[in-house]
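Below: one structure, written as structure tokens.
Letters A, B, ... are given to chains in the order of the sequence lines, protein chains preceding strands, and every chain is numbered from 1.
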Number of protein chains: 4
Amino acid sequence: MPIQKVTKNEIIAKALNVFSNKGYHNTSMSDLAAEVGLLKGSFYHYFISKEELMVQILESIDYELKSNVYPLAFHKQYPASKRMKLFLKGLSKVVIHKNGGCILGNTILETANLYPSFRHLLTTIMDGIVQSFANIYQELYSQEQSQILAQQTLMELEGAIMFSKLYSNPSIFQDFQKRMIQRVETDS
Amino acid sequence: MPIQKVTKNEIIAKALNVFSNKGYHNTSMSDLAAEVGLLKGSFYHYFISKEELMVQILESIDYELKSNVYPLAFHKQYPASKRMKLFLKGLSKVVIHKNGGCILGNTILETANLYPSFRHLLTTIMDGIVQSFANIYQELYSQEQSQILAQQTLMELEGAIMFSKLYSNPSIFQDFQKRMIQRVETDS
Amino acid sequence: MPIQKVTKNEIIAKALNVFSNKGYHNTSMSDLAAEVGLLKGSFYHYFISKEELMVQILESIDYELKSNVYPLAFHKQYPASKRMKLFLKGLSKVVIHKNGGCILGNTILETANLYPSFRHLLTTIMDGIVQSFANIYQELYSQEQSQILAQQTLMELEGAIMFSKLYSNPSIFQDFQKRMIQRVETDS
Amino acid sequence: MPIQKVTKNEIIAKALNVFSNKGYHNTSMSDLAAEVGLLKGSFYHYFISKEELMVQILESIDYELKSNVYPLAFHKQYPASKRMKLFLKGLSKVVIHKNGGCILGNTILETANLYPSFRHLLTTIMDGIVQSFANIYQELYSQEQSQILAQQTLMELEGAIMFSKLYSNPSIFQDFQKRMIQRVETDS
DNA sequence: TATGAATGAGCGTTCATTCAT
DNA sequence: GATGAATGAACGCTCATTCAT
């Protein structure tokens, strides 16, 4: 009976971290194998290729967001500001890695034009995030306006993470979060 | 004088394009050499390394922006909206490449943590852009408010380009531009 | 278990030969790989770099000499001349390669100023050889005198090999050996 | 009228130094050109190849020794010890370079088996040096004995330089010189 | 004579991937 | 399932050399 040193999910979680920190092309299969304590050859028992690994990482992100994060934006009894706060927190936990930035933004910029298999997943995820933001905004704005604001919010989020990375200053992203929460606060 | 097939500036211009489209790590010196019609080995007559080439690309961007683009934001006799329009147009010409996105954003996400020589130039450039936006906003807002808006604008710009790239839809970035121009329009 | 075409020790033995014949800088990793029937890339499974390979070669020489050669100079029941004879024979077997000369001398002249990691091993080995010669001489000479003679012997040995190589004439080295044996002969 | 920045002899002198310090294979034509203040391309106006340059260096050493150094060993009115002293001094000046060792020994070990054009010159030079030593010894020894001692002296000289290099200790070579002078001293 | 751009082969090294055990 | 040896292409870069100007 062969021993199993790791599970696919463990690999996905660790590989996500490595990719976030080093980028797709700058991460080697050796790096990934080392991170999970396997040898390079063993790695291919779990994922047939580097590309397939990234696909499954993105799929797991999609699943995680759908299961645990999007619902935070749809909590009917919470006010918009609370939903915004919880949603941003949940989103950050899944998708943002300290110093490494946002796996989505990183992967879009580095690979969107190269791997159609990535692009489809990335659009699905980005759409999901936008719709969640839009739902929050609809407490205060028209549907059309909410849609626009939602997209802007995600854009600014990605930009804020980029700035945080460039200046090695996490408070840039924290300020962004505060701004977004305030925007939907109705201090009546 | 020996035959010269290319100039350093031509190389910088073409390499900028290739890096924009393929990313830093995914671009090989062969790719770059082929783009300008040289062999890999010949390329090293112009740039001693891939890293140095990128440094010089970023320096040339910095120079170009300082010479021709930042001034557009400081035109005293133009109204804010016109300055915003001209500035965004100038900025786009230097820094954004169709399908490839923004060389600044790409390079920040892919290399900011790896190459200190890049980071310093990138912060210089980003600071310059933010100050230019801030100057435009100061026609309508307080200095403090302008500063914040300027940074937000650049963040959203980078996010907008990311979306344009992901969805292969240039109008996302164009809509962003319109929004920014409207924001400083005073319909008097 | 994966197929294994060679062992590390086989590589060390063959690489020692190639380095001896061609010199450190004039030997390419392809040369070495070809010698053991591997491709260049496969070579790096055994040694992470050319420098590390040479380090391990020198380490294996040090080990071999300590295990099997130095003891020949310390045989208490043998007379000095017999010990000299056996020691020179043992030394030659480990360190001298036909036509290629002495790996120690070659490596000292070519790399001593370039690779500190080599230099340390080379001094260790040279010291060990000198001490062995000194021990032989102590049967006939004072300790101080033996020390000087021992160093001279090793110097002349390296010079003799250099001459043998230059004139493609092995008898120059053989004559040297006879001379050294006679020097410690006490025909009583 | 084209300017001439350097003379062939200047190049030979400087190239000799560089080769002594870095070795033949580890010295690039760029290194040599830089040392004499030329560009690589210009270098080929003086020497058609790296190999030809080394040939001319060896030829110039041969000429220099014949003109100015060998005669020191044949001074009829000087005693052997004085001739030995002067000869060793003259030889060192031409052939030994601080830290870099002896160009003859270096070149023999690194290239003797590769370049027949080098080998012939090197044997000529080594023969010349041996004959000079032999002439000195003939004041005290038989012709046959002198011949053997002369060859041993040159061997030990090369070995002494090797040791000096390995241990970064010039006094090893100086001690060798003293020993050789004492050997032919007749304190009558 | 001097230049320096260009060449094309080769360097040491790393890569994603394969596969016999 | 895990190993790690092997692959072969590609990497960034350097080499000795050529040659139009």
Review point. Taking a pair as Watson-Crick (N1 to N3 plus N6-O4 or O6-N4) or G-U wobble (N1-O2 and O6-N3), both under 3.5 Å, which stems of 3 or more consecutive pairs involve DNA chain E?
Key: E:2-21 with F:2-21
Practice item. Using a 4.0 Å heavy-atom cut-off, write out nucleotides 12-17 of chain E from 5' to 3' as B (base contacted by protein), S (sugar-phosphate only) or - (no contact). Key: BBBSBB
**Study point:** D/Ser60: partners by side chain to side chain contact (heavy atoms under 4.5 Å, CB included), with sequence neighbours left out
**Key:** D/Ile12
**Study point:** D/Glu52: side chain to side chain contact (heavy atoms under 4.5 Å, CB included) partners, not counting sequence neighbours
**Key:**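 Checked D/Glu52 against side chain to side chain contact (heavy atoms under 4.5 Å, CB included); matches are D/Ile48, D/Ser49, D/Val55, D/Gln56.
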Nucleotide [N], atom [atom2] - distance to [atom1] of [X] in whole Å:
X: C/Leu38; N: F/dT7; atom1: CG; atom2: P; value: 6 Å
X: A/Glu10; N: F/dG1; atom1: CD; atom2: P; value: 15 Å
X: D/Phe47; N: E/dA2; atom1: CZ; atom2: C1'; value: 16 Å
X: B/Leu39; N: F/dA10; atom1: CG; atom2: P; value: 16 Å

Check your understanding: Which residues pass the ring-ring contact (aromatic ring centres under 6.0 Å, His included) test with B/Phe47, sequence neighbours left out?
Key ->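 Partners of B/Phe47 under the ring-ring contact (aromatic ring centres under 6.0 Å, His included) test: none.
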Check your understanding: By ring-ring contact (aromatic ring centres under 6.0 Å, His included), which residues pair with B/Tyr46, not counting sequence neighbours?
Key -> none
Review point. Do the side-chain N and O atoms of D/Ser168 and C/Arg119 include a donor-acceptor pair separated by under 3.5 angstrom?
Key: yes
Exercise for review: Using a 4.0 Å heavy-atom cut-off across all strands, classify B/Phe43 as base, sugar-phosphate, or nothing.
Suggested key: nothing
List the atom pairs, with distances to 0.1 Å, where a side-chain N or O of residues 36-44 of chain C and a protein N or O form a donor-acceptor pair under 3.5 Å, not counting sequence neighbours.
none

Study note, to complete from the structure: Hits for salt bridge (charged side-chain N to carboxylate O under 4.0 Å, His left out) against B/Lys50, two or more places apart or cross-chain, chain-then-number order -> none
Revision key, fill the gap. Side chain to side chain donor-acceptor pair (under 3.5 Å) pairs touching residues 98-110 of chain C, sequence neighbours excluded, are C/His25-C/Glu110
